[in-house]
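Below, each value reflects all heavy atoms present in this structure, side chains not excepted, and no hydrogens, waters or symmetry copies. In this chain, numbering begins with 1 at the start of the sequence shown. Indexing begins at 1, ligand by ligand and atom by atom, following the structure's order.
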Amino acid sequence: MTLSVRNLTFAYGEHRVLDGVDLDLRPGELCALFGPNGSGKSTLYRCLLGHLRHGGTVTLDGVDLGRLRPAEVARKVSYVPQQHSNPFPFTVLDMVLMGRTPHLGGVFGPRPADVAFCAGVLDQVGLADQRDRLYHTLSGGQRQLVLIARALAQDCGVLLLDEPTASLDFGNQMWVWRTVRELARSGRAVLVCTHEPNHVRWFCDRAVALGRAGRLVADGPPAEVVTTDLVTALYPSVGALAVTADATIAPAEAYRPLPVGVSAGSAGSRQDEPTAE
Ligand SMILES: Nc1ncnc2c1ncn2[C@@H]1O[C@H](COP(=O)(O)OP(=O)(O)OP(=O)(O)O)[C@@H](O)[C@H]1O
């Protein structure tokens with residue numbers, strides 16, 4: 001299933017956030033989306049899902065997404081939001097079962113097969129023993145894993161994940177990247193938003209970068225997109241960067257202690273940073 005975006009524009013009132021975004025997300029491809037805070041990545045996801053009225057078009061295998069009913073979209077596209085709170089007393093298993101809802105007909109509840117499927121997904125994310133706990137009592141990382149489990153339970157051709165590893169420990173971060181890579185290998189189209197340039201280089205087939213002016217400023221293989229030039233242009237405060245022999249991007253001055261008498265707080269104002277487009 002191919003998700004195609006053409007000339008997508010969006011503004012919150014007078015505040016233009018996205019400006020002429022073109023993007024094709026193809027089956028079998030794990031694509032990273034990265035860019036500075038506030039550049040519009042989450043807004044782009046919400047436009048792709050049809051949650052925000054935008055200019056331009058979003059199509060799924062050539063069909064305008066705006067013409068599909070929400071349940072049809074939910075059978076084709078799953079989404080892991082960046083943040084999520086649920087004040088209602090749903091259990092972990094209830095939350096994951098919500099991923100099956102678009103696949104259930106009429107007024108019927110989940111079938112035993114749906115419960116078994118979701119229990120299996122919870123086992124995959126390492127939360128099998130938490131299934132009867134209330135979702136809102138879990139830790140931040142555990143809640144993030146539940147949202148990922150819900151998206152896996154939804155079992156769609158297109159997966160959109162907004163910073164899915166942000167709250168996770170190192171082991172779970174690697175598990176998520178391995179999982180999304182396997183999903184792409186199995187023919188899904190996967191778009192993952194991340195702030196970690198090395199993860200883009202290590203795991204992804206392709207990378208797109210969103211600049212502060214709401215335009216895509218790069219699109220291609222990670223080694224060609226996630227360069228020291230682009231990273232320092234997007235994030236001027238990181239200073240000099242170096243690519244090590246194993247292709248890891250690291251600050252050139254990493255681990256160098258601050259000179260005596262210089263506190264982290266006196267490291268300089270960021271107010272005058274140039275803005276990368
Ligand atoms: N509901 C809203 N109403 C008005 N402005 C909004 C709203 N949501 C987001 N914005 C603004 O739109 C811009 C893009 O926000 P968005 O959340 O899409 O950025 P992002 O790239 O996902 O950022 P981050 O990396 O911090 O998650 C920001 O300037 C933000 O303040």
Side-chain angles (χ1 to χ4, degrees), residues 3 5-23 25 30-58 65-66 70 73 77-87 140-141 143-145 147-148 151 158-168 172-173 176-177 180 190-201 203-204 206-219 222 225-226 230-238 241 249 251 270-277:
L3 182 81
V5 180
R6 291 290 174 273
N7 196 26
L8 192 146
T9 55
F10 179 79
Y12 292 105
E14 298 293 303
H15 178 198
R16 170 64 60 94
V17 176
L18 298 168
D19 187 11
V21 172
D22 289 328
L23 177 66
L25 194 60
L30 174 54
C31 181
L33 169 66
F34 74 105
N37 290 135
S39 55
K41 302 176 298 297
S42 298
T43 301
L44 176 60
Y45 277 121
R46 295 175 65 206
C47 290
L48 299 185
L49 289 156
H51 295 176
L52 297 172
R53 287 173 67 91
H54 56 81
T57 58
V58 180
L65 208 87
V73 176
V77 184
S78 58
Y79 170 52
V80 176
Q82 184 181 5
Q83 285 169 347
H84 180 262
S85 61
N86 193 334
R143 283 202 302 273
Q144 192 151 36
L145 288 168
L147 297 182
I148 292 166
V158 178
L159 279 99
L160 306 175
L161 301 97
D162 194 353
E163 297 188 40
T165 58
S167 307
L168 299 185
N172 278 325
Q173 288 180 30
V176 167
W177 280 113
V180 291
V190 187
L191 183 67
V192 181
C193 175
T194 176
H195 285 298
E196 172 50 85
N198 284 311
H199 290 178
V200 180
R201 291 179 69 115
F203 299 111
C204 297
R206 183 172 148 222
V208 293
L210 190 60
R212 286 193 171 84
R215 284 190 288 267
L216 289 188
V217 293
D219 181 348
V225 169
V226 188
L230 185 80
V231 173
T232 46
L234 289 173
Y235 313 105
S237 61
V238 300
L241 284 170
I249 286 190
R270 297 176 44 173
Q271 297 303 316
D272 302 326
E273 281 184 353
T275 53
E277 292 256 316

Considering non-hydrogen atoms of the protein only, which is the closest contact for [atom], and what is the distance?
atom                    : result
atom 24 (P) of ligand 1 : N37 ND2, 3.5 Å
atom 25 (O) of ligand 1 : K41 NZ, 2.8 Å
atom 13 (C) of ligand 1 : G38 O, 3.6 Å
atom 15 (O) of ligand 1 : T43 OG1, 3.8 Å
atom 17 (O) of ligand 1 : S42 CB, 3.8 Å
atom 10 (N) of ligand 1 : Y12 CE1, 3.3 Å
atom 27 (O) of ligand 1 : Q82 NE2, 3.1 Å
atom 30 (C) of ligand 1 : H15 CE1, 4.7 Å

Does [X] come within less than 4.0 Å of ligand 1, judged by its heavy atoms?
X    : result
E163 : yes
G13  : no
G35  : no

Quiz item: Once the angle between the rings of Y12 and H15 is folded into 0 to 90°, is it parallel (under 30°), tilted (30 to 60°) or perpendicular (over 60°)?
Solution: tilted

Quiz item: Going by the angle between their ring planes, with limits at 30° and 60°, are H51 and Y79 parallel, tilted or perpendicular?
Solution: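 Aromatic pair H51/Y79 classed perpendicular.
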
Taking atom [atom1] of [X] and atom [atom2] of [Y], what is their separation to the nearest 0.5 Å?
X    : Y    : atom1 : atom2 : value
H195 : L33  : NE2   : CG    : 9.0 Å
L18  : R46  : CG    : CZ    : 11.0 Å
L44  : C193 : CG    : SG    : 9.0 Å

Quiz item: How far apart are the closest heavy atoms of F34 and L230, and which atoms are they?
Solution: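 Looks like CZ-CD2, 3.7 Å.
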
Quiz prompt | Nearest atoms (heavy-atom pairs only) where K41 meets L210 | solution =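 Looking at all heavy atoms of both residues, the shortest contact is N-CD2, 3.6 Å.
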
Exercise. Please identify which atoms of ligand 1 are closer than 4.0 Å to at least one heavy atom of S39.
Key: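 Those atoms are 19 (O), 21 (O).
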
Practice problem: Mark up the atoms of ligand 1 that fall under 4.0 Å of a heavy atom belonging to H195, in ascending order. | Solution: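 Result: 25 (O).
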
Practice problem: Determine whether L48 and L191 make a side-chain contact, defined as any pair of heavy atoms from C-beta on separated by less than 4.5 Å. | Solution: yes

Quiz item: Heavy atoms, side chains only, cut-off 4.5 Å: are P81 and L147 in contact?
Solution: yes

Exercise. Determine, counting only non-hydrogen atoms of the protein, whether one lies under 4.0 angstrom from atom 7 (C) of ligand 1.
Key: yes

Quiz item: Considering only heavy atoms, does P36 approach ligand 1 within less than 4.0 Å through its side chain, its backbone, both, or neither?
Solution: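 For P36, only backbone atoms sit under 4.0 Å from ligand 1.
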
Quiz item: Going through the checks in order, is the side-chain contact (heavy atoms from CB on, under 4.5 Å) test met by V190 and L161?
Solution: CA-CA 8 Å; V190 187; L161 301 97; 3.7 Å; yes

